[in-house]
Student: 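Pasting a structure below so you can have a look.
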Amino acid sequence: MILSDLVTLLEGEVLFPEADLDREVPCAFASDMISDILMCTKEPTLLLTGLTNNQVIRLSDMIDLIAIVFVRGKKPLQDVIEMAEERGLPIITTKFTLYRCSGLLYNAGLRSCKI
Amino acid sequence: MRVSAVVRSEVMPEYRFVAEGFEDAVRKFEEQKPEAEVKTQFVIPEKDFNTAGKGSSELKNLLKRLGVDSVVLRRIAVASYEAEINVAAHSKGGIMYSTVYDDLIHVRFEDEGPGIANIEQAMTPGYSTADDLVRELGFGAGLGLPNIKKNSDAMRLVSAAGSCTKLEFLIYFAKIS
């Protein structure tokens with residue numbers, strides 16, 4: 001699956017226009033706890049989360065994130081969007097819940113990130 | 001001054017961990033004290049979650065330029081980030097010292113206190129003393145120290161209530177055969 005397929009599936013909104021949506025998404029991880037997300041050291045992954053503060057973007061400096069999907073209609077503040085843009089990290093918001101997003105993506109064949 | 005009091009204050013509770021298979025390598029490193037290739041340091045202010053994580057991010061960039069493998073890079077960055085957040089979230093501020101050697105990295109964190117009352121409890125996955133501000137940001141899962149241990153080849157934590165905390169870890173760039 002590439003990122004643009006995911007945006008369609010989750011009825012998402014891409015939060016900055018130049019985001020690279022042709023990126024291949026190999027796997028995903030979902031959590032609202034930072035230490036949980038930091039378990040993803042084995043491979044680059046998509047992240048689904050309800051966290052929208054700057055530390056979520058900072059996480060992508062530590063582990064390699066393909067993109068971030070903000071669930072439950074959450075939208076980060078402009079300075080956080082700019083942090084993602086500086087890093088070329090696509091960020092997407094969707095009205096769907098974390099559970100629904102995970103279900104839809106899993107059904108579409110997206111596997112869980114190795115931890 | 002009573003001598004026993006001095007002795008007691010010098011012997012602080014300590015937690016040590018060396019990953020299986022790394023015992024000889026770590027002992028050799030501690031005995032030989034090899035020459036450092038690169039040294040950096042980074043100030044971690046108290047409760048500043050705009051700055052927190054920058055030191056680890058810069059360290060990862062430096063090691064990337066030095067050609068360290070990406071999986072090892074992520075382990076180093078995660079261990080360092082968790083420690084950096086711990087200093088910002090739980091202490092009055094501190095400093096992160098990174099020393100790069102030929103085949104490994106040593107990262108040391110020293111803070112201004114107030115120290116850890118029970119190290120064993122702090123090492124237990126799920127145990128957390130994080131306040132509401134810290135939890136709101138998504139921290140406080142009680143996995144910080146366990147995550148550092150999980151990603152390190154060796155780790156040492158020294159602390160006591162009312163004292164400063166010192167945490168250091170070693171991560172080798174390649175597997176030791």
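Bear in mind the structure is a predicted one, so any value in this text is a computation, not a measurement. Note that these values count all heavy atoms, side chains included, but never hydrogens, waters or copies made by symmetry. Chain A is the first sequence line, chain B the second, and so forth, proteins listed ahead of strands; every chain is numbered from 1.
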Student: Less than 4.5 Å to any heavy atom of chain A: does that hold for the side chain of Thr51(B), its backbone, both, or neither?
Tutor: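 The backbone, not the side chain.
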Student: Check this for me, if you would: do Asp64(A) and Arg74(B) make a salt bridge, where the nitrogen-to-carboxylate-oxygen distance has to be below 4.0 angstrom?
Tutor: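 The answer is yes: the pair qualifies as a salt bridge.
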Student: Which atoms form the tightest heavy-atom contact between Asn54(A) and Phe49(B), and what is the distance?
Tutor: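 Residues Asn54(A) and Phe49(B), closest heavy atoms: OD1-O, 3.3 Å.
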Student: Using heavy-atom distances under 4.5 Å, tell me whether Ile85(B) contacts chain A through its side chain, its backbone, both, or neither.
Tutor: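 Contact with chain A involves the side chain of Ile85(B) alone.
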Student: Roughly how far apart are Met83(A) CE and Asn50(B) CG, rounded to 0.5 Å?
Tutor: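 Atom-to-atom, Met83(A):CE and Asn50(B):CG are 8.5 Å apart.
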Student: Assess the residue pair Glu82(B) and Leu38(A) against the criterion (side chain to side chain contact (heavy atoms under 4.5 Å, CB included)); give the C-alpha distance rounded to whole Å, side-chain angles, the decisive distance to 0.1 Å, and a yes or no.
Tutor: CA-CA 9 Å; Glu82(B) 289 278 21; Leu38(A) 289 172; 3.4 Å; yes
Student: List the atom of Met33(A), the atom of Gly140(B), and the distance in Å for their closest heavy-atom pair.
Tutor: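 Residues Met33(A) and Gly140(B), closest heavy atoms: CE-C, 3.8 Å.
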Student: Between Phe139(B) and Gln55(A), which heavy-atom pair has the shortest distance, and what is it?
Tutor: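 Answer, listing the atom of Phe139(B) first, then Gln55(A): CZ-CG, 3.7 Å.
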Student: Please determine, among Asn61(B), Val78(B), Asn151(B), the option with the most heavy-atom pairs under 4.5 Å with chain A.
Tutor: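 Of the candidates given, the most pairs with chain A belong to Val78(B).
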Student: Is it the case that atom CD in Glu23(B) sees more than 12 heavy atoms from other parts of the structure closer than 6.0 Å?
Tutor: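 Counting neighbours around CD of Glu23(B), more than 12 heavy atoms of other residues, nucleotides or ligands fall under 6.0 Å, so yes.
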Student: Determine whether Tyr81(B) and Ile34(A) satisfy the following criterion, side chain to side chain contact (heavy atoms under 4.5 Å, CB included), listing intermediate values before the conclusion.
Tutor: CA-CA 11 Å; Tyr81(B) 176 80; Ile34(A) 284 177; 3.9 Å; yes
Student: Test your reading of the model: is there a side-chain donor-acceptor pair from Asn147(B) to the backbone of Ser35(A), 3.5 Å cut-off?
Tutor: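 Present.
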Student: Tell me whether Glu30(B) at atom CD has more than 12 heavy atoms from other residues, nucleotides or ligands lying less than 6.0 Å away.
Tutor: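 Count over threshold, so yes.
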Student: Using non-hydrogen atoms only, which part of Leu51(A) is less than 4.5 Å away from chain B: side chain, backbone, both, or neither?
Tutor: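 The answer is the side chain of Leu51(A).
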Student: Check whether Leu59(A) gets within reach of chain B through its side chain, its backbone, both or neither, counting any heavy atom under 4.5 Å.
Tutor: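 For Leu59(A), the side chain is the part near chain B, not the backbone.
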Student: To the nearest 0.5 Å, what is the distance between CG (Asn53(A)) and CG (Leu137(B))?
Tutor: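 The CG atom of Asn53(A) sits 4.5 Å away from the CG atom of Leu137(B).
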Student: With a 4.5 angstrom heavy-atom cut-off, is it the side chain or the backbone of Lys150(B) that approaches chain A, or both, or neither?
Tutor: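 Only the side chain of Lys150(B) comes within 4.5 Å of chain A.
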Student: For atom CD of Glu120(B), is the number of surrounding heavy atoms from other residues, nucleotides or ligands below 6.0 Å larger than 12?
Tutor: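 No, because the 6.0 Å sphere around CD of Glu120(B) holds 12 heavy atoms or fewer from other groups.
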Student: Assess whether atom OH of Tyr106(A) is packed by more than 12 heavy atoms of other residues, nucleotides or ligands within 6.0 Å.
Tutor: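 No, because the 6.0 Å sphere around OH of Tyr106(A) holds 12 heavy atoms or fewer from other groups.
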Student: For Asp36(A) and Leu143(B), run side chain to side chain contact (heavy atoms under 4.5 Å, CB included): C-alpha distance rounded to whole Å, both residues' side-chain angles, the deciding distance at 0.1 Å, then the answer.
Tutor: CA-CA 8 Å; Asp36(A) 280 351; Leu143(B) 290 174; 3.4 Å; yes
Student: Is there a donor-acceptor contact under 3.5 Å from the side chain of Lys42(A) to the main chain of Val71(B)?
Tutor: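 Here the side-chain-to-backbone pair does not exist.
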Student: Could you grab the distance from atom CE of Met62(A) to atom OG of Ser80(B), nearest 0.5 Å is fine?
Tutor: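 It comes to 7.0 Å.
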Student: Just wondering, are more than 12 heavy atoms of other shown residues or ligands nearer than 6.0 Å to NZ in Lys75(A)?
Tutor: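 Check fails, neighbour count at 12 or below.
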Student: Is Asp79(A) atom CG crowded by more than 12 heavy atoms from other residues, nucleotides or ligands, each under 6.0 Å away?
Tutor: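 Yes, because the 6.0 Å sphere around CG of Asp79(A) holds more than 12 heavy atoms from other groups.
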